[in-house]
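Notes for the one structure printed next.
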Amino acid sequence: MVCTTLKPGIECIFMKKTGCSYSGGKCFPIVENCEGCARVVEFETGKYCSTFPYPAQKWQKGSCPMATHLKKASKAEEQKINPLKASKRAAGKK
Ligand code: SF4
């Protein structure tokens with residue numbers, strides 16, 4: 001159903017005829033780590049994640065698996081690792 005509480009207009013599985021069925025009857029706002037993520041949506045009620053009702057929980061065990069703003073960082077790490085692998089491979093062929 002479409003949310004009528006904190007994220008008006010957003011389709012949400014927790015919204016029921018009786019109201020929001022999520023823990024406590026409402027979503028939780030984004031956390032600092034979410035800043036820059038494309039899933040952040042700003043409402044009059046505050047900034048919320050369009051995917052998760054409790055963003056802080058998604059960062060408790062490392063990085064949020066749905067974060068859109070972390071891909072560039074991981075690609076940069078890959079690029080740092082790849083030249084090393086390449087040089088090791090080259091050294092192994094000698
Ligand atoms: S997808 Fe993850 S990082 Fe992005 S806003 Fe939601 S909880 Fe935050």
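The structure presented is a predicted model; accordingly, all values stated were derived computationally and were not measured. When a ligand or atom number is given, it counts from 1 through the structure's own listing order. One is the number of the first residue; the rest follow in order along the sequence.
- Residue pairs meeting the ring-ring contact (aromatic ring centres under 6.0 Å, His included) criterion with at least one partner in residues 10-32, sequence neighbours excluded, are Phe14-Tyr22, Phe28-Tyr54.
- The side chain to side chain contact (heavy atoms under 4.5 Å, CB included) test applied to Ser23 returns no partner, not counting sequence neighbours.
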message: One pair to check against side chain to side chain contact (heavy atoms under 4.5 Å, CB included): Leu6 and Tyr48. What are the steps and the verdict?
response: CA-CA 8 Å; Leu6 294 172; Tyr48 292 91; 3.6 Å; yes

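- The closest donor-acceptor contact from the side chain of Lys7 to the backbone of Cys49 lies under 3.5 Å.
- Excluding waters, the set of protein N/O/S atoms under 2.8 Å from atom 6 (Fe) of ligand 1 reads Cys49 SG.
- Side-chain atoms of Ser50 come within 3.5 Å of backbone N or O of Arg39 as a donor-acceptor pair.
- Within the structure, the salt bridge (charged side-chain N to carboxylate O under 4.0 Å, His left out) test picks out the following pairs touching residues 21-37 (sequence neighbours left out): Glu35-Lys47.
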